[in-house]
Asker: 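Quick one: the structure is below, questions incoming.
Atoms considered below: every heavy atom in the structure, side chains included; atoms not considered: hydrogens, waters and symmetry mates. So that the names make sense, note that chain A is the first sequence line, chain B the second, and so on, each numbered from 1. Predicted, not measured: the structure shown is a model, and the values here were computed from it.
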Amino acid sequence: MRSRLDFFRKFPTKLNFLSEISGMDRAPRVFYSPPLSKRGLMRLSTYFLPLLRENPAEAQIVSHRLMLRAGMIRQSSAGIYSWLPLGLRVLHNIEAIVRAEQDAAGAQELLMPTIQPAELWRESGRYDDYGEEMLRIRDRHDRDMLYGPTNEELITDIFRQNIKSYRDLPKNLYHIQWKFRDEVRPRFGVMRGREFLMKDAYSFDLDLASARRSYNKMFLAYLRTFARMGLKSIPMRADTGPIGGDLSHEFIVLADTGESQVYCDKAWLETDILASTVDYDDDLQPFFDQWTRLYAATEEKHDAANCSVPADRLLAARGIEVGQIFFLGTKYSKPMNAVVAGPNGEQIVPEMGCYGIGVSRLVAAIIEASHDDAGIIWPKSVAPFDAGLVNLRAGDAACTDASDALYQTLRNAGIDTLYDDRAESAGAKFAAMDLIGLPWQIVVGPRGLQKGVVEVKNRRTGQREDMTAETALNRLRAAS
RNA sequence: CGGGGCGUAGCUCAGCCUGGUAGAGCGCCAGCUUUGGGAGCUGGAUGCCGGAGGUUCGAAUCCUCUCGCCCCGACCA
């Protein structure tokens, strides 16, 4: 402690401002921007992408196997993973879509810490209720802390400290943060990890009608969010579970390898949320009613005997839960005394809602829903790169020159490209590209060069087509 | 938390039963030859056989304990 004081005496506080030390306040406010040609060169010869040829023994489901094989993640301990460059790119893309749609729905992003004080959880009563799943920590001062499994208490605390008037409502606050739940049995890679990235939003409203509007906004936002990732999600009425409240929907993505058995009306397959022009400011109740009219139930809720859907229209499928929304009522606001003053000075206990999206789980869910025997097939909205450029013969000067030139052209055109410039055999390169699943592959080889063409392959359809480099560029431009 | 299984080279695995100087394929490194769907040849490197203790002249192998990981179930964004 003594030495710290000495330090501050020696260096007066104002010298802690960089500008005062170096005169940077006079420096022009222009940041160094490297030329495009130097920015983030993504050459496979130097990119950190450890691919596995064989399936790791511990991975059972396809998304876990492919994420390991494609060099996206590596396990650190049970249910805890490091995200390698390729995986992190996908995670960021998914995060961006979630964020964009939350913002559009009127939610505001903030960031709460991963470590929380036990005190708040004692207020809500959950410190004792939550059980072994919550990772409890004691700091050096013997204070009880915990690694947050969720954030209702913390957001309610922030709310009550800073929002005092009915005029400030409604509010919807969200963050995207790592959570920890000490699952007894983590499995399936990031599908059910102990540490996971989650978007959680919390709404505060003056009355039930307003809370209902907040709920409906998130309902729409969720349908749109998943659709933008190329996923068809189906909202299913759900149990509220230990979080509480009495209105809740799970958003299930259909995938053959999904964890839960679900039943729904086949008409769900025909729906297209992105075609809907409904706006967040509209009255969303008719929309909500329409989108909950069709039958959909998880195995727990499904009752074959009393199912309203005729057998020929009933679809039995596997599904993955990628999000859940809850109406909470005053479950947290009341015990934690989060109140605002009403128009007449009366105290109003806000109605709350909470809304979760499993961001890291979505990476796995998308793979489960979109892959083939050769590897991943990324929807373009979340793909780690728009395209892969393959120099089929890295030892050949003409091939390399043409590939280098095309790489520059693609980059200048804003097409995010991973350039395979390795001296590998053709087969190995094709296999690697298929495995990591970029939407487009552009193959530059000696055979095509003689005819003045490159080959463009669509990963999803498998269709391959020869065209000039210029046409290829236009094709990719049009596609992105 | 109940039940089951597995820890040997970067990966997939053999060796263990029946103790006797650590293995294969792929990957990695070097060289040469190849080159349009995971190339060939030659040479090379790589292991506290998960950890600790015990039995034994001698332990990857047998015994005890322990740690880690995976699977089924219950639980779960």
Asker: Reading nucleotides 65-73 of chain B 5' to 3', which nucleotides get B (base under 4.0 Å from a protein heavy atom), which S (sugar-phosphate only), which -?
Answerer: ----SSBBB

Asker: Take the protein atom OH of A:Y222 and the nucleotide atom P of B:A77, then report the distance between them rounded to whole Å.
Answerer: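 From A:Y222 OH to B:A77 P: 12 Å.
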
Asker: Applying side chain to side chain contact (heavy atoms under 4.5 Å, CB included), name anything that partners A:A431, two or more places apart in sequence or on another chain.
Answerer: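 Per chain and number, A:A431 pairs via side chain to side chain contact (heavy atoms under 4.5 Å, CB included) with no residue.
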
Asker: Looking only at atom P, what distance separates B:A77 and B:A60, rounded to whole Å?
Answerer: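 After rounding to an integer number of Å, I get 47 Å for this pair.
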
Asker: Which whole-number value in Å describes the distance from A:Q177 CD to B:A77 C1'?
Answerer: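 Checked: the CD to C1' distance equals 15 Å.
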
Asker: Check the distance between B:A77's C1' and A:E183's CD and give it to me in whole angstrom.
Answerer: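 Value for this atom pair: 9 Å.
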
Asker: Mark up nucleotides 34-40 of chain B, 5' to 3', with B wherever a protein heavy atom is under 4.0 angstrom from a base atom, S wherever such an atom reaches only the sugar-phosphate, and - elsewhere.
Answerer: -SBBBS-

Asker: Roughly how far apart, to the nearest Å, are B:G19 and B:C63 at atom C1'?
Answerer: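 Per the computed distance, 13 Å lies between those C1' atoms.
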
Asker: Which whole-number value in Å describes the distance from A:R361 CZ to B:A77 P?
Answerer: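 Checked: the CZ to P distance equals 8 Å.
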
Asker: Can you list the residues that meet the side chain to side chain contact (heavy atoms under 4.5 Å, CB included) rule with A:A428, with sequence neighbours excluded?
Answerer: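 A:A428: side chain to side chain contact (heavy atoms under 4.5 Å, CB included) contacts with A:E424, A:S425.
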
Asker: Pairing check on B:G47: which nucleotide meets the Watson-Crick or G-U wobble criteria with it, both distances under 3.5 Å?
Answerer: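 Checking every strand shown, B:G47 finds no partner, since no pair has both distances under 3.5 Å.
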
Asker: Roughly, in whole Å, what's the span from CZ in A:R65 to P in B:U12?
Answerer: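 So the two atoms are 12 Å apart, to the nearest Å.
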
Asker: Go through the structure and list residues passing ring-ring contact (aromatic ring centres under 6.0 Å, His included) with A:H371, not counting sequence neighbours.
Answerer: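 With neighbours one apart ignored, the set is empty.
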
Asker: Distance alone, cut at 3.5 Å: any donor-acceptor contact between the side chains of A:Y222 and A:H249?
Answerer: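 Checked: A:Y222/A:H249 side chains show no N/O donor-acceptor pair below 3.5 Å.
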
Asker: Atom CD of A:E54 and atom C1' of B:C28: how far apart are they, to the nearest Å?
Answerer: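 A:E54 atom CD is separated from B:C28 atom C1' by 14 Å.
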
Asker: Taking only the P atom of each, what is the distance from B:U8 to B:C75 in whole angstrom?
Answerer: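 Looking at atom P only, B:U8 and B:C75 are 34 Å apart.
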
Asker: Does anything in residues 389-407 of chain A pair up under salt bridge (charged side-chain N to carboxylate O under 4.0 Å, His left out), and if so which pairs, sequence neighbours excluded?
Answerer: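 Sorted pair list: A:R43-A:D404.
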
Asker: Do any side-chain atoms of residues 379-386 of chain A form donor-acceptor pairs under 3.5 angstrom with protein atoms, and if so which ones, sequence neighbours left out?
Answerer:
| residue | atom | partner | partner atom | Å |
| --- | --- | --- | --- | --- |
| A:S381 | OG | A:R228 | O | 2.7 |
| A:D386 | OD2 | A:D416 | N | 2.8 |

Asker: Paired with B:G20: which nucleotide, if any, by Watson-Crick or G-U wobble criteria at under 3.5 Å for both distances?
Answerer: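 Because both required distances fall under 3.5 Å, B:G20 counts as paired with B:C57.
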
Asker: Scan residues 92-100 of chain A against RNA chain B and write down, sorted by residue number, each residue with any heavy atom closer than 4.0 Å; if none is found, say none.
Answerer: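 Those residues: none at all.
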
Asker: Could you walk me through whether A:T330 and A:S333 pass side chain to side chain donor-acceptor pair (under 3.5 Å), step by step?
Answerer: CA-CA 5 Å; A:T330 58; A:S333 44; 4.9 Å; no

Asker: Rounded to whole angstrom, note down the C1' distance from B:A24 over to B:G47.
Answerer: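 Straight-line distance between the two C1' atoms is 15 Å.
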
Asker: Using the P atoms only, state how far B:C16 lies from B:G58, rounded to an integer number of Å.
Answerer: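 Rounded to whole Å, the distance is 22 Å.
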
Asker: Listed by chain and number, what are the salt bridge (charged side-chain N to carboxylate O under 4.0 Å, His left out) partners of A:K232, not counting sequence neighbours?
Answerer: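 Salt bridge (charged side-chain N to carboxylate O under 4.0 Å, His left out) check on A:K232 returns nothing, list empty.
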
Asker: Tell me, please, which residues at least two apart from A:V184 pass side chain to side chain contact (heavy atoms under 4.5 Å, CB included).
Answerer: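 Not a single residue meets the side chain to side chain contact (heavy atoms under 4.5 Å, CB included) criterion with A:V184.
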
Asker: Both distances below 3.5 Å, Watson-Crick or wobble geometry, any strand: find the nucleotide opposite B:G25.
Answerer: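 Paired with B:G25, as far as the under-3.5 Å criterion goes, is B:C11.
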
Asker: Can you list the residues that meet the salt bridge (charged side-chain N to carboxylate O under 4.0 Å, His left out) rule with A:E455, with sequence neighbours excluded?
Answerer: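 Testing A:E455 for salt bridge (charged side-chain N to carboxylate O under 4.0 Å, His left out), a comparison that skips the adjacent residues, returns none.
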
Asker: Please determine if A:E465 and A:R475 form a salt bridge, counting it only when a charged side-chain N lies under 4.0 Å from a carboxylate O.
Answerer: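 A salt bridge is present here (some side-chain N lies under 4.0 Å from a carboxylate O).
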
Asker: Scan every strand shown for a Watson-Crick or G-U wobble partner of B:U34, both distances under 3.5 Å, and answer none if you come up empty.
Answerer: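 Looking at the geometry, B:U34 pairs with no nucleotide.
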
Asker: Tell me which nucleotide, if any, is Watson-Crick or G-U wobble paired with B:C1 when both distances must be under 3.5 Å.
Answerer: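 In the structure as shown, B:C1 has B:G73 as its Watson-Crick or wobble partner.
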
Asker: Distance check, rounded to the nearest 0.5 Å: A:R361 atom CZ versus A:F196 atom CZ?
Answerer: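 Spacing of CZ (A:R361) from CZ (A:F196) equals 8.5 Å.
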
Asker: Between B:A22 and B:A14, how far apart are the two C1' atoms, rounded to whole Å?
Answerer: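 About 12 Å, rounded to a whole number of Å.
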
Asker: Which whole number of Å gives the distance between the C1' atom of B:C11 and that of B:G3?
Answerer: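 That atom pair is separated by 30 Å.
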
Asker: Nearest-Å distance, CD (A:E259) to C1' (B:C75)?
Answerer: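 About 11 Å, once rounded to whole Å.
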
Asker: A:N55 has an atom CG; how far is it from atom C1' of B:C13, in whole Å?
Answerer: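 Interatomic distance, CG of A:N55 to C1' of B:C13: 14 Å.
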
Asker: For A:R422, which residues count as a salt bridge (charged side-chain N to carboxylate O under 4.0 Å, His left out) partner, sequence neighbours excluded?
Answerer: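 Testing A:R422 for salt bridge (charged side-chain N to carboxylate O under 4.0 Å, His left out), a comparison that skips the adjacent residues, returns A:D420.
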
Asker: Sort out the partner of B:U64 for me: Watson-Crick or G-U wobble, both distances under 3.5 Å, none otherwise.
Answerer: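 Partner of B:U64: B:A52.
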
Asker: Classify the nucleic acid contact of A:G193 as base, sugar-phosphate or nothing, counting any heavy atom under 4.0 Å across all strands shown.
Answerer: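 Base contact - A:G193 has a heavy atom under 4.0 Å of at least one base atom.
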
Asker: Between B:C28 and B:G10, how many Å separate the two P atoms, rounded to a whole number?
Answerer: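 Their P atoms lie roughly 14 Å apart.
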
Asker: For A:V322, which contact category applies under a 4.0 Å heavy-atom criterion: base, sugar-phosphate, or nothing?
Answerer: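 Contact class for A:V322: sugar-phosphate only.
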
